[in-house]
Structure formats: structure tokens, C-alpha cells
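I have placed the structure first, in the form of C-alpha cells, so that the comments after it can refer back to it.
The figures here come from the full heavy-atom set of this structure, side chains too, leaving out hydrogens, waters and symmetry mates.
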Amino acid sequence: MRKNYTKEDIMQLVEDEDVEFIRLQFTDIFGNLKNVAITSSQLEKALDNECMFDGSSIEGFARIEESDMYLYPDFSTLEIFPWRPQQGKVARLICDVYRPNREPFEGDPRYILKRAIKEAADMGYVFEVGPECEFFLFNTDENAMPTTITHEQAGYFDLGPVDFGENARRDMVLTLEEMGFVIEASHHEVAPAQHEIDFRYDEALATADNIMTFKLAVKTIAKRHGLHATFMPKPKYGVNGSGMHINMSLSKDGKNIFADEKDKLGLSQEAYYFIGGIMKHMKGMTAITNPLVNSYKRLVPGYEAPVYIAWSATNRSPLIRIPASRGEGTRIELRCPDPSANPYLALAACLRAGLDGIVNQIMPPESVDCNIFAMTEDEKKACGIEEIPGTLIEAVYDMEKDDFIKDVLGEHTYQKYISAKKEEWYRYRSQVTDWEINEYLNKF
């Protein structure tokens with residue numbers, strides 16, 4: 001849980017705990033964690049929001065002529081890293097990014113999510129989110145560089161000794177719990193070397209911060225076990241990719257407003273509208289929830305990942321699923337996002353799309369309660385079922401068609417994001433892959 005630290009609390013804690021280094025962390029628009037490390041002697045200056053960095057050195061942030069940025073630490077995010085030495089400990093503070101004129105930097109993903117949260121708060125809502133983060137644990141080579149090699153053959157819910165990653169995963173869970181996470185479940189996933197650790201839902205900003213911390217902890221502990229943890233969506237052909245399902249609910253005055261026991265599915269009108277809003281804007285926000293060229297190698301029929309824009313309370317093939325628990329546990333699960341997504345931008349897009357559904361009373365189409373993968377093209381057409389974009393460039397084009405997404409991200413981030421993703425696609429498109437050599441070299 002978040003702690004209500006004051007400046008004095010933090011100064012005292014750092015002294016009492018013998019913390020020597022403090023990492024001031026922030027996230028760039030592509031979801032990469034960055035940090036400026038300071039010594040404890042500079043802590044007071046940092047807590048007074050006087051720590052600067054060069055924004056032009058962060059891709060997608062700022063041009064050279066407007067490069068000075070300030071880091072404003074969020075006191076509630078102070079955490080001591082359990083994996084660092086116990087003398088001269090290392091702590092971190094997650095920061096918001098501000099311009100020299102002391103206004104929030106509009107390209108800071110945390111600010112973009114805060115803006116969406118404020119819109120919800122103005123309507124009386126609190127947005128709560130529980131993520132399901134999957135990842136692979138692979139061997140490293142003799143130079144400690146990552147490979148896609150694994151010697152384990154474990155499957156869904158298997159346990160040691162078949163699951164060689166079990167010890168590493170246990171260490172990850174213990175480390176995360178030491179850092180204040182409430183771990184609800186951890187297990188081996190469907191593919192060999194694939195794992196999932198689920199932590200307790202929280203308010204959206206805390207959850208986005210937690211996802212960034214989670215990734216850092218998982219990668220760090222994996223390295224200690226001589227393994228490489230990757231959140232790449234589809235590192236291996238022929239096996240399931242890694243997703244990051246997002247479970248969402250809205251509460252008002254402490255009550256879950258998605259629940260209504262009088263409805264046949266136990267869902268409120270707002271829940272239906274929220275689903276409708278997400279379905280309306282799904283194509284436009286896929287480049288945010290699935291941001292890599294590689295993301296779309298996961299989103300293909302046959303590997304459990306959803307590709308059809310539909311919803312259901314009874315089966316897992318649609319994009320949006322309503323898990324079984326009702327009452328306070330009622331929630332909407334979006335199944336397409338993957339763990340390479342920037343969690344601040346992904347949650348901002350989900351929340352704003354859902355709120356748009358509530359404000360404009362967008363009813364979703366009928367639920368699709370059969371296996372969509374088994375339906376013919378004609379049957380899907382008759383039900384009006386559309387697919388999410390099939391490649392990164394299609395997703396970018398769909399993003400450009402939805403002005404609503406520009407409003408979610410703000411002009412600055414929207415333009416930077418689109419141009420970077422187009423550049424990524426062009427770099428990919430110019431490659432000649434092994435598949436092409438194997439397929440065509442002999443034939444033509």
C-alpha cells in the first residue's frame with residue numbers, strides 16, 4: 001500500500017536505514033524505465049523538486065532547445081531495493097516530470113494517466129486495476145547475454161522439478177512481497193519457460209507504478225539466477241506469447257459500480273457502457289496496448305490471444321471477458337494488451353475509452369458466447385465482429401483515424417509516438433528474415 005511519507009519522514013528513514021543512493025525514476029513514452037541516481041547528500045534538494053535532467057536525451061521527450069526538465073518525486077513511492085547491499089542501501093522514488101516553468105510536462109506518461117484519473121474523479125469514480133503479467137525466463141550465454149534457449153518442458157500450472165524457473169519465481173515473489181506487493185498467485189504458464197505473477201488490484205496510478213517496479217524486480221532477480229526475464233510478447237515461434245490482461249472496475253463512494261444483481265449477467269448499465277466505449281476505440285488504442293512489431297506475432301489465431309473485437313461472460317476467445325466473480329469482484333478483463341505496453345498510457349486509454357462509453361451511453365453489441373475462432377468468416381460478418389489491427393502499421397493508421405486517442409495522449413505524445421512507431425515499422429519492413437530466405441531462396 002502507498003505510504004503517506006512527508007519530506008521529514010523520508011530524510012529520517014534514509015538516515016536510519018543507511019541509504020546511500022536514491023534513484024529518481026521516471027518512464028519514457030515507450031514504457032522504458034529511466035533514472036537519475038543521486039547520493040543521500042543530494043536528497044533534500046531532490047525532495048524540494050530541484051533535481052534537473054536533460055530531456056532531449058530521452059527519446060520522445062523534448063527538443064534540444066527546451067531540454068531542461070525537473071523531477072518531482074512522489075513521496076508515497078519511496079522503496080528500498082531488497083536486492084542491493086545492506087550497507088549503503090539503494091532506494092528509489094518515482095517522479096513526475098515538469099518543465100522549467102514548473103508546469104507538468106505534457107509528454108510524461110504518468111501525467112497523461114493522472115489527467116485521465118482526474119476526469120474519472122470529476123465524475124465521482126475511482127479506477128481500480130489488477131494486471132496479469134506474463135514473462136519468459138531464458139538461459140543466458142557464456143557472455144551473460146540473453147538467448148531464447150530453455151531446458152525446461154513444463155506446462156500450465158506445472159511445478160518443480162519440471163519447472164526449472166520455480167526457484168527464481170519464488171525469489172521474485174518473496175522480493176516483491178518485501179517491497180509491499182500483495183501477490184495473489186504465481187504459476188507456470190502454458191509455454192515452456194513462461195511464467196505469470198499476479199499482484200493485487202489497486203488504484204490506477206499505483207498499479208501503473210507497480211507494473212514498472214514489477215518488471216524491474218523480475219529482471220533483477222532473474223539475473224541473479226543466471227536467467228534472463230523478458231517481457232517481449234512473442235519471443236518464440238510455435239508457442240503462446242506473453243500477455244498482460246488488464247482487469248478493470250470503477251468504484252463510487254467505495255462501491256463497485258459495475259455490479260448489479262438485478263441484471264441477468266450481474267452487470268450494471270455503466271459496465272455495459274464501459275465495454276461499449278472500449279470496443280468503439282479498441283482499434284485506435286491497439287498501438288498503445290500492443291506497441292511493438294513483435295506484439296502482432298502474438299495476436300494470431302491458435303494461441304489463446306484474442307484478435308476479435310467482441311465480449312463475453314462465458315468464454316475466453318473474445319477481446320473482453322467478464323470473469324465469474326460478481327458483487328464487489330465484478331470486473332471487465334481486457335485480454336489483448338501485452339507486457340511491452342507502457343502501463344501509464346495503456347491504462348489512460350482504457351479509462352478514457354470506458355468513460356467515453358459512459359458519457360455517451362455507448363451500448364456494446366450482443367455478447368458472443370461461442371468460440372469465435374471456430375466461426376466462419378460469414379458468421380463473424382453476420383454478427384458484426386471485427387478484428388483488431390493485424391500489424392503495427394495497421395494499428396498506427398487506426399490510431400491516426402481516431403481523434404479521441406489524440407485527446408487521451410495529448411498532441412505532443414501523440415505525434416512523437418506515431419512517428420516513432422512508423423520508424424520502427426519501416427526498419428522492420430526493410431529486413432530480410434530467415435523465414436523469407438527459407439521460403440523463397442530455393443523457389444525463385
Is it true that Phe231 and Phe136 have ring centroids separated by less than 6.0 Å? no

Can the ring centres of Phe105 and Tyr98 be said to be less than 6.0 Å apart? no

Would you please indicate if the ring centroids of Phe138 and His228 are separated by under 6.0 Å? no

Working for ring-ring contact (aromatic ring centres under 6.0 Å, His included), residues Tyr70 and Phe53: CA-CA 6 Å; Tyr70 283 90; Phe53 73 101; 9.2 Å; no

Mark yes or no: Arg352 above the aromatic ring of Phe404, with NZ or CZ under 6.0 Å from the six-membered ring centre and no more than 45 degrees from the axis. yes

Supply the atom-to-atom distance Met212 CE to Arg92 CZ, rounded to the nearest 0.5 angstrom. 10.5 Å

Parallel, tilted or perpendicular, judged at 30° and 60°: which one describes the rings of Trp83 and Phe81? parallel

Could you measure the distance from the CG atom of Leu292 to the CG atom of Leu392? Nearest 0.5 Å is fine. 7.5 Å

Can any side-chain N or O of Lys3 pair as donor or acceptor with the backbone N or O of Ser76 at less than 3.5 Å? no

Under 3.5 Å, is there a donor on one side chain and an acceptor on the other for Asn360 and Tyr273? no

Can you name the nearest heavy-atom pair linking Ala116 to Leu355, along with the distance? O-CD1, 4.3 Å

Heavy atoms, side chains only, cut-off 4.5 Å: are Val97 and Leu71 in contact? yes

